[in-house]
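Encoded as structure tokens, the structure appears first; notes follow it.
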Amino acid sequence: MPLGEQIEAGTRRLNDAIVDSPRRVIVAFLVLTVVFTGGMGLVSTDTEATDSFTEGLDEQEALDAVNQEFEDPFVAGDESTQVIHSGSNVLTKEALVRNLRVLEEVESRDDLRVASTNGPATVVAQAIDPSATTAAEQRRVLESTSETRVRQIVRDLSENPGFTRPLSTDFNPTSASASASITVVTHDVPAGFSDGDLQEIQTTIRTITADHPGEITAFGAGITNAETANVIGDSLTIVMPVVVLLLLLFLIVAYRDPIDLALGLLSLLMTVIWTFGFLGFSGIPFNQQMISVPVLLLAVGVDFGIHIINRYREETAEGYEATEAMREANNQLMIAFVIVTVTTVFGFGANVISDLTPIRNMGIASAIGIVFTFLIFGLFLPAAKLVVDRLRERYGVPEFNSAPISSEDSALGKLLTFPAQISRYAPIAFVVVLLVTGGMAAAYGSGVDTSFETEDFLPPEEQPDYVTGLPEPFAPSEYTVTETLNLLEDRFSTNQDQTVKLYVEGNFEEGHALEALADPNDDPPESLAVGDGGAARPTSIVTVMQSHADENPEFAELVARNDVDGDGIPDRNLGRVYDALFASSSGDRAEQYLTPDRRSAQIDYSIDSGASQAEAAADTREFAEEFRYETTATGQIVVFDAVTDIIFDSAIQGLILAMGLTGLFLVVSYAVLEGKPLLGIVNLFPILIAIAFLLGTMRYLEMSLNALTATILSISIGLGIAYSVHATHRFIDEFNAGADAHESMIITLSGTGGALLGSMLTTSLGTGALALAITPVLGDFGLLMALSVVYSFAFTVIALPPAVLLWERYHDALPGIGTPRPQ
């Protein structure tokens, strides 16, 4: 028996099992649902916005080494909290006392595990009384000191880096004023201290700061993770009810029968339970990107459900009784469902090749979820529908409306068949126009940007009115992270968007070590040439040494004695020079650029404000190669650029893989099943045009390929191919029954076209509801997903008819490429 006949026989046996033993199928699926329900409780939440994307990158490992080895006491580390104070002047006596009152309450709480506090208020208080070591003692010291004395102390400390570093860049020593300051609270943590413990500590400190007067807030990794978790919860709370409501409305229109509607909703619920249960059992965490997975699965499930119910109704309208109608409908749809499932798995699963863990996990989850969707809607729903209809007939429950969605004579049927009617007169011209316009859209869309930014994962500083106006329980949490980050970037010189780093490893007691760090700075790449005469403007152990030499004549003399070539950089006895520098008032600053063992150094470089992320990162990597020691380019710009490159590669590789596997599978499937391999190419044609227009739209709307939208290209193939497959499969049924290509296409679009339209409306509006999510990355993905579905449906109706007509010409002219159609 030929392979195609074997496959068809296998699907018939499966269909017979569903139709002949529907109760067993229902029981088996309900048992599996109970099993997967147990896995839902094991699902973990990943609240790290960007860390999971950068994990394992050389640039990130170098940045981690920098952060660990050169920890700045005024930058919050993994076990520290920043208390940020802003206002017209945070250095007045009143403001400093207010800051210390917050620290006093924080120190009084044992559960906050305060080890030390370090900030302008503590430095001023200890300058007045060095014995004041606690926040309470420091507050009393300041309260007993006059405003004039406090102002004078601030002026005296203006040359002390330990005082000025945590102040905003507008610090004015003359007026003793600054608009913001940072106090770092370091925590004494025990073994086994978790991210959840840090989150609880930092959110508690933020609550304390909110209870005090003045613009004081807390910031740190725990607070960021807490708000990221809230983003996930709030987005689900806002998006999912909208998705369910939209699906419900369109299912009511599509099914027009409450019992059929209940079966469809039950199947959708089971799909979500199975998928989340799989996440729990497999250990794949749920993050922001995963919010799109249940939305996509619901969309595909609705598509399957509408098709099976609509085709079943078509058969009953032809006079078949329930069992035979379902057998006939499933026989016609099972192969199409298998093809749709496999091609959708290819599209969604193509993302598993990504080097970025979140994108790879999303690919796995969505691919497995599609398989679950097929099983539930392809096996369970037909069985449940058959059992329910038998019970309906037994107990005399009436049907409310069981007519198919559209017919050839209906207004909708005429509208859907209009492109097929027109294209019959000039199919070649239609195809050429589509190829040309699609090529132009793809060429234009090839210039779409690629980006990776922290802001993509964080809520905007100001939420739109439709979000802030939501009543409980839909009202979102209060978000402060973006506002705090903007404050840090605006008022402090710690803006990582304007600097890059070099992590240098070697023996820095060698005579040429400091020269090796300084020599390349005279001829840097363009984006780093921001100093006088086109030189680089670094901050390193060399610049710290030179700065201290300018302030300390004794140290300047030590440097000069060991400077053989007279260029201001010592060439010998570097160990002695380092010892003197580290023991001086600049020691803390020196520790930021050279480790105590003199084996690692970091160099910070300012970059040209006009340079793009890609330019700055490329120039920094090129510059690193000019250093004598082993040097790694790093910093947030370089790390994010590396992720951006991977995102772009993942998008292109995923698209090529999805397109290649889908095309190959369709060609082989139609060759084996129908003896018509070229129909596989015809089937793929509308979706390729749709993706070309989607890319062009992305660029026109100034949307970039980011951590989530990069998956849109392969997902569009997986989701969009369903429209073309269902139409093509129905076309084959009619074509093999003896109709010509044009007539077959008319029947297809007037019948299956109605189901496709209903599926498109539910899917596009359902996925488009993601635009209501809290974060931009989900909003953009939802909008693009909706556009992708609309384009896929539209080009199935527009591009498939002329392509099929051309296929018929060559199919008849070259019978050797396939089995001739029955006469």
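Bear in mind that the values here come from a model prediction, so they are computed numbers and not experimental data.
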Before accepting this row, confirm whether a basic side-chain N of the pair Arg113/Asp197 lies closer than 4.0 Å to the acidic partner's carboxylate O.
no
Taking NZ, NE, NH1 and NH2 as the nitrogens, is one of them in Glu105 or Arg101 under 4.0 Å from a carboxylate oxygen of the other?
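Salt bridge flag = no for Arg101 with Glu105.
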Nearest non-hydrogen partners of Ile607 and Ala616, listed with the distance:
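That would be CD1-CB, 3.9 Å.
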Shortest non-hydrogen contact from Ile712 toward Phe781:
CD1-CE1, 4.0 Å
Would you check if Val97 and Thr92 make a side-chain contact, meaning some heavy-atom pair closer than 4.5 Å?
no
Among side-chain atoms of [X] and [Y], is any donor-acceptor pair under 3.5 angstrom?
X	Y	value
Glu215	Ser86	yes
His85	Thr183	no
Glu107	Thr134	no
Ser179	Asp170	yes

For Arg206, all residues meeting salt bridge (charged side-chain N to carboxylate O under 4.0 Å, His left out), sequence neighbours excluded
Glu227
Holding to side chain to side chain donor-acceptor pair (under 3.5 Å), I want the full list of residues that pass it with Ser650, two or more places apart in sequence or in another chain.
Ser354
Output for pair (Leu487 CG, Phe219 CZ), nearest 0.5 Å, gives 10.0 Å
Backbone of Pro358 reached by a side-chain donor or acceptor of Asn361 within 3.5 Å:
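Looks like no, no N/O pair under 3.5 Å.
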